[in-house]
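Here is the naming used below: chain letters follow the sequence lines, and residue numbers restart at 1 for every chain. Values in this document were obtained by computation on a predicted structure and should not be read as measured data.
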There are 2 protein chains.
Amino acid sequence: MVVSDAPRRAGTPKSSARSKSEQRAETTQHILDAAEALFSRHGLHGVTLGQVAKAIGVHTSLVHYYFSDKRALFDAVIERRAPVTASKRIQAMDAYEASVGEAVTLEGALHAFLDTDLDAYRTGGEAWRNFGALAAQVANTPEWGAEIMNRLMDPVVMRLIALLKKAMPEMSDEDIFWGYHFVSGALLTTLARTGRIDVLSGGLCRSEDFASIKRRMATFMAGGFRAICEQERNGTAPA
Amino acid sequence: MVVSDAPRRAGTPKSSARSKSEQRAETTQHILDAAEALFSRHGLHGVTLGQVAKAIGVHTSLVHYYFSDKRALFDAVIERRAPVTASKRIQAMDAYEASVGEAVTLEGALHAFLDTDLDAYRTGGEAWRNFGALAAQVANTPEWGAEIMNRLMDPVVMRLIALLKKAMPEMSDEDIFWGYHFVSGALLTTLARTGRIDVLSGGLCRSEDFASIKRRMATFMAGGFRAICEQERNGTAPA
DNA sequence: ATTATCTATAGATCTATAGATAATGC
DNA sequence: ATTATCTATAGATCTATAGATAATGC
């Protein structure tokens, strides 16, 4: 956790030759960064605008100058990154399908869907990792923020669903959606990076180790889809 | 969502012949129920003691009379149910192992671990379902409540890990723990019951339908474990 | 005589706004 | 002349406590 709560003056270089639009852009980003870090750890209601302002060394009222209220700030945090990862992932899935044509596989579809996202959080620096943790929180707390996040993410999910159906045409829609439900839960817990797996495994696995997760996740989930597909076919569903 | 925010008087039957200890016990449970419902939707910081008190028609100061402060109330909400489900699940896993001896399977272990929990939330009424949603939130928001919850749940997880190792002795500890990480994420998203899968699937799947999840989840996860085990054996892990 | 509940209130935030000051823009 | 930032503050909570009232306990 490098983005500390310690003041990191935003307005400090008052002598530097920043144009007003640069100043505006920089301060806006600083506010969003600080808000993202704080919201990701404490939730919408666990953060005050004063804390956000203090984190970057400006006055609370400046936050109001740029964002009408707390909720608008929160929404802006989501709107800043969600569309970026959404379009990357759709592109990755489009590219995958274009490259294999009809030969779509479960693993291929899941890799396109998952790896693109894991990479964004893995290589995007701390700000992106904070956003990932926030996304995980929002997803399990529908009261705040879920609408925006879901609206932006729906097309990504539906793109994956389409690929999964193509890979497994014999699979029922119900099984596909439940499978997606499991995939999404596992991904969100990954993004939350709580350090829980570190403790449970005695340090063998680390929450931050997205490379290890990337190496296993698509394979694991593809195996899961096949298993429920098989179960349906055999009618071996236990009561 | 039946537990509404509308006042449901706790102190109303002042004429009824309740002993003081009964009164104490009832009011305590009412406060915990209301707090559980509210915390599960809005998080620790999104709920005021006034809202909790209002939900059951008593004065805010009565909440302080029973619980020293907000954090104590939050912790009490977790302490009330977590040990119950924890011991049930350990018993279920013990019973499973006792019944099959050395012939532990992935599916068997996962069914014991998952189904017991899903049943608690499925048949335990709204209060339990609220607790499940709260657990899901807490798990992804380490700042509040995760310590208590994790401390109470650690033995349950380690019991599962032991069974999984017995079922798959050739599997590496790392793979087992990462597999658990995926299982846990999928379970928590299930408990969150956000209604997201309902929207995505156009109503085909429902968040509340724990029976459908129970029918698929252990099978799906077992397939996942086998797939990563297979991948390790073949050294087919992609870069 | 004890304890469950309520009334009243102090003190501490927190949000949001109005208005002042100090920069940049032309 | 405009706009970025700060000062000051009103108004609205929210937590927590002290003390009053109304029950039950013996």
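- Atom NE2 in His59(A) sits about 13 Å away from atom P in dC14(C), given to the nearest Å.
- One atom, CG of Leu49(B), and another, C1' of dC6(C), lie 16 Å apart when rounded to the nearest Å.
- Atoms CD (Gln29(B)) and P (dA4(C)) sit 14 Å apart, rounded to a whole Å.
- Comparing dT7(C), dT15(C), dT24(D) by their nearest atom to the side chain of Gln23(B) picks out dT24(D).
- A 3.5 Å limit on both hydrogen-bonding distances identifies dG11(D) as the Watson-Crick or G-U partner of dC14(C).
- Atom NZ in Lys70(A) sits roughly 9 Å away from atom P in dC14(C) (whole-Å rounding).
- In this structure dT21(D) sits in a base pair with dA4(C), meeting the Watson-Crick or G-U test at under 3.5 Å.
- Here Gln51(B) does not reach the OP1 or OP2 of dT13(D): none of its side-chain N or O atoms lies under 4.0 Å away.
- Considering only side-chain atoms of His64(A), the nucleotide from dA4(C), dA16(C), dT3(D) that sits closest is dA16(C).
- Distances from the side chain of Thr48(A) to the nucleotides dT5(C), dC6(C), dT15(C) place dT15(C) closest.
- Distance, Glu26(B) CD to dT24(D) C1': 14 Å, rounded to whole Å.
- Residue Arg24(A) contributes atom CZ, which lies 21 Å from atom P of dA22(C) at whole-angstrom precision.
- A donor N or O paired with an acceptor N or O is not found under 3.5 Å between the base of dT5(C) and the side-chain atoms of Thr27(B).
- Stacking of Arg89(A) on the aromatic ring of Phe113(A) is recorded, both the 6.0 Å distance cut-off and the 45° axial limit being met.
- Mapping Asp69(B) and Ser21(B) onto DNA chain D by nearest heavy atom places Asp69(B) closer to the 5' end of the strand.
- In plain terms, the two heavy atoms of Arg80(A) and Gln29(A) that are nearest each other are NH1-OE1, 2.7 Å.
- Here the CE-CD1 distance, from Met158(A) to Ile90(A), works out to 11.5 Å after rounding to the nearest 0.5 Å.
- For the pair His111(B) and Thr116(B), the minimum side-chain heavy-atom distance is 4.5 Å or more.
- Atom-to-atom, NZ of Lys54(A) to P of dC14(C) comes out at 11 Å; the value is rounded to the nearest Å.
- Using a 4.0 Å heavy-atom cutoff across all strands shown, Leu62(B) reaches at least one base atom of the nucleic acid.
- Considering only heavy atoms from C-beta on, Met221(A) comes within 4.5 Å of Met217(A) through its side chain.
- One atom, CD1 of Ile31(A), and another, P of dC6(D), lie 10 Å apart when rounded to the nearest Å.
- For the pair Lys20(B) and dA4(C), the criterion of a side-chain N or O lying under 4.0 Å from OP1 or OP2 is not met.
- A sub-4.0 Å separation between OP1 or OP2 of dT5(C) and a side-chain N or O of Tyr65(B) is absent.
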